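Everything quoted here is computed from the prediction, not taken from an experiment. Lettering of chains follows the sequences in order, A, B, ..., and the numbering in each one begins at 1.
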Amino acid sequence: MDNAISLTAVPINTAVFIYDIKKSPCRNRLYELGFTKGTRVIPLHINPGKSAVAYFVKGAVIALRNSDAENIYVMGDKA
Amino acid sequence: MKKILLVGNPNTGKSTIFNALTGKHQHTGNWSGKTVGNASGIMRYKGEEFEITDLPGIYSLEPISEDEIQAVECLRSNIADLIVVVLDATCLERNLILASDITRLCTNVIVCVNLIDEAEKKGIEVDTVKLSNMLRVKVIPTKARSGIGIDLLKEAIYTQNEKCRCCCCSPECIYKSCVYSGQDITNNRDRKIDRILTSRVFGIPIMLFMLCCILWITIWGANYPSGILSSLFGRIENILLELFADMPVVRGVLIEGVFRTLSWVVAVMLPPMAIFFPLFTILEDLGYLPRIAFNLDHIFKKVNAHSKMVLSMCMGLGCNAAGVISTRIIESKKERLIAIITNNFMPCNGRFSSLIMLAAVFISGGMFASIKVALAVTAAILSGVFITFMISYILSNTILKGEGSSFILELPPYRAPQPMAIIRRSIRERIVYVLFRAVIVAAPAGALIWLLQNITVNDITLLSHIAGFLDPFARIMGIDGYILTAFIIGLPANEIVIPIVLMCYTGNSGLIEFNSLSELGMLLRAHNWTYITAICAMIFSLNHFPCATTLLTIKKETGSIKWTVLSFLIPTIVGVVLCILANAILRIAAL
């Protein structure tokens, strides 16, 4: 879909829903941590070096490096 | 005896439940990956015995890192009669995925919904009856930290015999029907704290301030028990010396050698360890360690290392062998090797006490002495961190070249530390452990030193021969032959390095009484130490070969002699080079 954006482009405290995760070495880890299609994700904190962001996902807070979060595509509402 | 496995996501309280069931004292901490190996214990209930095994946390049945592989292998091997799946009530949406996978894989399962109190506080309600109906297994709600629900869990384990039928609902469906979540996600207590502790402006300064504070409390607090212990040991020594007055050799080896070294270890090295450890455990239990990794991620990214290395580095502050084991949570093999090789640049508890003493040499007493020493030790630890980064960078661009790394880490909820548990654990793990090591390692070392000091060849003691042989080289490094000898004899345990140095200098003058570590520093100054000697000794203490225990652990964890040898050589070479440089620069500057 055209209006899917990368998770790194989502402003803090904005809820979005995962549309797709591009193939990458850490995709399996992301899956099992709850980053699956249709899941709601909320960015919460940016770290001091701006290299990683902490996200709320399925009840937990998970920090992801931006280079990994880039592979996650999200949309404003559930597809 | 029935075998029972505790399985679940990381940081759901499996180890706490394990401890409650078995009465054991498995390490617990508030971060994912605290438990990296299996632990077993016996639970006795109504006259029957059960073997309980605590597994490292897993997210799914397809493991990625070393600790997870071990846990899943154990789970899949079908050795267990019963699986207890431990779930975090605050995070059921994700936890239920693993729970439903396990109910499909295994036939005999009990589900334990832990941290139910924390969930209530967050506005999350769990309908455990409905959950039990949908998962088709027994569901026991617990608050393991306060022991609530543990008896119910024991009873459930005791009476469990039915084979459960497979559950047919999806985890999402179960979550939606059984859990009501009214929690404020973006503005709850944890988020407010994180907004400060991980903020762009305050995040890193707060971290440094906390480190400095902990060191200051340690140094300030250690003076008093050190003084008392040394005068106590001094008195005991005098009594013992009189008692054995007729037997010079026994008196020499046992009292002047063994007893004196033991008392140095206990009086000088133990108090800082016993104070630092609980303070550090408070941070660990609070859940602060993963935040450090989050705050420093950009630096780790630059040096191509894994930010989870922060966790193994923090463990290394307690003990490098423990630090090396904790690298199991790092998924990539190359990044794990970097973490293992560089772990020794973090001063362990044993070396940390040495650093305090050495810093006291060039910081004379006075009002702010303990603050100044704290700053000096903070600087030493930070330089250790800096060297870790440099070596990681060099390794990741040469022999351990690999793909860019990822960083995925859970930031756990903040939890109030339990003071009594921390005190109990500190006594057991620091005081008892250090005393044990003192007896095992320091006693023979003390006897050895006495013999070296008292056996003469060509009218010169063996110790002087060895020190004299090492002296020219040690001088280039800014230290002397005795100090270098102490480091070499101290290979089995870093705790004994400074006691050996003191033994070498105080030779036949008996135990020196002192009131604070600063005073002890003065003693070294009397033996021609300058601030340059102290700084070089600090550098070498921070950067030299790992202790024997750590080396054995590295051999076990990497399964390779090559990496063990490198882990020995790299810090030693760095130490020698830095000492030579520091010595040259400081001497030129002093001219």
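- The contact between Leu64(A) and chain B is made by backbone and side chain atoms together, counting heavy-atom distances below 4.5 Å.
- In this structure, the side chains of Arg65(A) and Ser307(B) come closer than 4.5 Å at one or more pairs of heavy atoms.
- Put simply, of Asn187(B), Leu296(B), Ile408(B), the one with the most heavy-atom pairs under 4.5 Å next to chain A is Ile408(B).
- Closest non-hydrogen pair, Thr186(B) versus Ile42(A), comes out as CG2-CG2, 3.9 Å.
- Using a 4.5 Å cut-off between heavy atoms, Ser199(B) contacts chain A through its backbone alone, with no side-chain atom that close.
- Taking 4.5 Å as the limit, some side-chain heavy atom of His45(A) sits within range of a side-chain heavy atom of Phe294(B).
- Here the closest non-hydrogen pair linking Ser65(B) and Arg29(A) is OG-NH2, 3.8 Å.
- Using a 4.5 Å cut-off between heavy atoms, Glu410(B) contacts chain A through both its backbone and its side chain.
- Taking Ile12(A), Asn66(A), Leu30(A), Leu33(A) one by one and counting their heavy-atom pairs under 4.5 Å with chain B, the maximum is reached by Leu33(A).
- A 4.5 Å side-chain heavy-atom check between Asp101(B) and Glu32(A) finds every atom pair outside the cut-off.
- The residue among Thr90(B), Ile185(B), Asp88(B) with the most heavy atom pairs within less than 4.5 Å of chain A is Ile185(B).
- Dense packing is recorded around OH of Tyr414(B), with more than 12 heavy atoms of other residues, nucleotides or ligands lying under 6.0 Å away.
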Checking Tyr175(B) against Lys58(A) for the side-chain contact (heavy atoms from CB on, under 4.5 Å) test, could you report, in this order, the C-alpha distance in whole Å, the side-chain angles of both residues, the deciding distance, and whether it holds? CA-CA 10 Å; Tyr175(B) 175 77; Lys58(A) 292 204 173 175; over 6 Å; no
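- In this structure, chain A has heavy atoms under 4.5 Å from both the backbone and the side chain of Leu411(B).
- Screening Asp297(B), Ile204(B), Val201(B) for a side-chain contact (heavy atoms from CB on, under 4.5 Å) involving Pro48(A) leaves a single residue, Ile204(B).
- Residue Val57(A): no heavy atom, backbone or side chain, is found under 4.5 Å from chain B.
- Your options are Lys122(B), Arg195(B), Gln183(B), and the one with the most heavy-atom pairs under 4.5 Å with chain A is Arg195(B).
- Of the charged side-chain nitrogens involved, none lies within less than 4.0 Å of a carboxylate oxygen, so that Arg40(A) and Glu93(B) do not count as a salt-bridged pair.
- With rounding to the nearest 0.5 Å, the separation of NZ in Lys301(B) from OG in Ser67(A) is 4.5 Å.
- Residue Ser32(B): no heavy atom, backbone or side chain, is found under 4.5 Å from chain A.
- The part of Leu44(A) that comes within reach of chain B is its side chain, from C-beta onward, which places non-hydrogen atoms under 4.5 angstrom from that chain.
- One finds the CZ atom of Arg191(B) at 9.0 Å from the CZ atom of Phe56(A) (value rounded to the nearest 0.5 Å).
- Only the backbone of Ile46(A) comes within contact range of chain B, judged by heavy atoms closer than 4.5 Å.
- Of the residues considered (Ala54(A), Ala60(A), Ser51(A)), Ser51(A) shows the highest number of contacts with chain B, using heavy-atom pairs under 4.5 Å.
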